[in-house]
Amino acid sequence: MKNKKLKIDIVADEQIVGSTRYAISVNVTNISGKDIHQLDVFPTYTIGRQLNSLNEIENVELSELEEKKNKIINEMQKQIDNAYERNQFKSLNTIQKFVLLFVEAMDVYAGIFGYFTGKKTIKSTPTWATEALKIDDWEDVERIENDVMGKIEEDRFLKKAFLINKDKLKRIIDKINLQSELGSSNELYKGFTLAAGETLTFPFSFKAPHLLKAKVGETQFKTSYKETESSNAINSSITQKIKIYPSAFAVPTGSMLGSICGYLIKLSLISSASLTQINWSSMFGSILLGLLVASVTARKSDTSKAITVEDFLGGFIIGSLTGLFSENFLDKLKVLIQ
């Protein structure tokens, strides 16, 4: 639905890669000719997990107390996420812990290849727990302290740091309420006021899912605000398609598996040997050769090549060919070297 009072633009990173962090900014411009109040923007559908909440809005002037309040809330939010992960791990049974370790191993595996591509992987609280652990008012702080932080050992620095921040936040809120003409309030986040013709930028960051091939999907954001002369909240949504390229591990993993399959096919069908006669050093050499060819042909955004490999399937095909014709590849390589 087109909004006639707000101009909303979604700006995403130019290149988004699976298993890595990416950023999306929502630019909101007031074209209504009147001030709007309690402006809020939040994602309703995204590809991957949200990593941060609305706490560092660009192009907005905040008082010293408001800025300090937001920094403390942001720090407390991170402490809550950390405590949640610890409590969840304690409540898991053996099978669930094994599954979690497998998922974390996937993150580590993706991170290894992400290190070589300059992309970092990040863990986060699951989507279905993000809103439950979000701090909107003082009651949320007290509830989360009892239900989440209450399960952390008393001598843990994590819990002590949370309680220190809680005490600081309470003092800042009291000071803000004293300066406010509207009286005291327990709300910690009230949205923003956007004057006519002005623009606010709402930054978000997400972690893209692990992908073996490119994916094109939709991301949707919802805006909510109130007009000066009305107390009714006005909501609207904007949707935009984004493309996420395969994770950095997709091509190498496909290449390794393809090299093994190609070597086994050559061993069993071409040479008519038994699978029990596997030469492990030869198979390992085929894997390394497949990785070498895959790395040379892998797609890079800043270079152009005659042959490029973009995803798991492409890596698997390249690996299979090198496994089948490893001797031919080596012979050609020797000729080139000579």
Side-chain angles (χ1 to χ4, degrees), residues 8-27 41-54 56 58 81 99-100 102-131 201-223 237-258 291 294-305 307-319:
I8 307 171
D9 298 309
I10 297 178
V11 181
D13 287 344
E14 292 184 4
Q15 181 173 334
I16 304 173
V17 180
S19 309
T20 64
R21 175 175 181 161
Y22 69 96
I24 292 180
S25 296
V26 181
N27 301 323
V41 177
F42 52 92
T44 53
Y45 181 79
T46 58
I47 303 176
R49 303 175 184 175
Q50 183 179 353
L51 298 180
N52 76 325
S53 304
L54 286 174
E56 296 181 357
E58 299 179 7
D81 292 342
V99 173
L100 178 62
F102 175 77
V103 173
E104 291 183 347
M106 281 294 299
D107 287 337
V108 173
Y109 181 68
I112 292 173
F113 293 97
Y115 173 80
F116 292 106
T117 60
K119 302 290 185 177
K120 296 181 179 180
T121 59
I122 299 175
K123 294 193 301 181
S124 67
T125 304
T127 307
W128 46 265
T130 301
E131 190 63 29
T201 299
F202 293 78
F204 298 88
S205 61
F206 305 91
K207 179 187 174 183
H210 301 308
L211 294 177
L212 296 178
K213 64 177 183 179
K215 177 180 180 180
V216 177
E218 290 186 344
T219 180
Q220 185 181 72
F221 290 84
K222 182 179 179 180
T223 60
S237 299
I238 181 172
T239 303
Q240 181 170 305
K241 290 185 177 181
I242 59 174
K243 181 177 181 180
I244 302 181
Y245 290 94
S247 301
F249 67 83
V251 173
T253 303
S255 173
M256 288 188 287
L257 293 177
L291 281 172
S295 62
V296 172
T297 57
R299 182 193 63 82
K300 293 182 175 61
S301 59
D302 56 345
T303 59
S304 58
K305 304 174 183 178
I307 300 176
T308 59
V309 178
E310 294 193 355
D311 53 17
F312 175 86
L313 181 59
F316 186 86
I317 294 173
I318 287 293

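Values below: every heavy atom of this structure, side chains too, minus hydrogens, waters and symmetry copies.
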On a heavy-atom basis, which atom in [X] and which in [Y] lie closest, and how many Å separate them?
X	Y	answer
Ala294	Val251	CB-CG1, 3.8 Å
Ala208	Ile16	CB-CG2, 4.5 Å
Val17	Ala248	CG1-N, 4.2 Å

Nearest 0.5 Å, please: how far is [atom2] in [Y] from [atom1] in [X]?
X	Y	atom1	atom2	result
Ser237	Lys222	OG	NZ	6.5 Å
Asp13	Arg21	CG	CZ	10.0 Å
Thr20	His210	OG1	NE2	10.5 Å
Leu291	Ser255	CG	OG	4.5 Å

Is there side-chain contact between Phe312 and Lys213, with at least one heavy-atom pair below 4.5 Å?
no
Could you tell me whether the side chain of Val309 reaches within less than 4.5 Å of the side chain of Phe316, counting heavy atoms only?
no
Once side chain to side chain contact (heavy atoms under 4.5 Å, CB included) is applied, do any residues pair with [X], and if so which ones, sequence neighbours excluded?
X	value
Leu211	Pro209, Lys215, Ile244, Ser247
Phe221	Ile10, Ile24, Val26, Val41, Pro43, Phe204, Phe206, Thr219, Ile238
Ala214	Lys243, Pro246
Glu310	Arg299

By side chain to side chain donor-acceptor pair (under 3.5 Å), Gln240 pairs with (sequence neighbours left out) none
Check the pair Phe202 / Ile8 against side-chain contact (heavy atoms from CB on, under 4.5 Å), numbers first and verdict last.
CA-CA 11 Å; Phe202 293 78; Ile8 307 171; over 6 Å; no
Donor-acceptor side-chain pairing of Thr239 and Glu218 below 3.5 angstrom:
no
Short question: side chain of Asp311, backbone of Leu212 - any donor-acceptor pair under 3.5 Å?
no
With distance as the sole test, does Thr253 use its side chain to make a donor-acceptor pair with the main-chain N or O of Ala250 at under 3.5 Å?
no
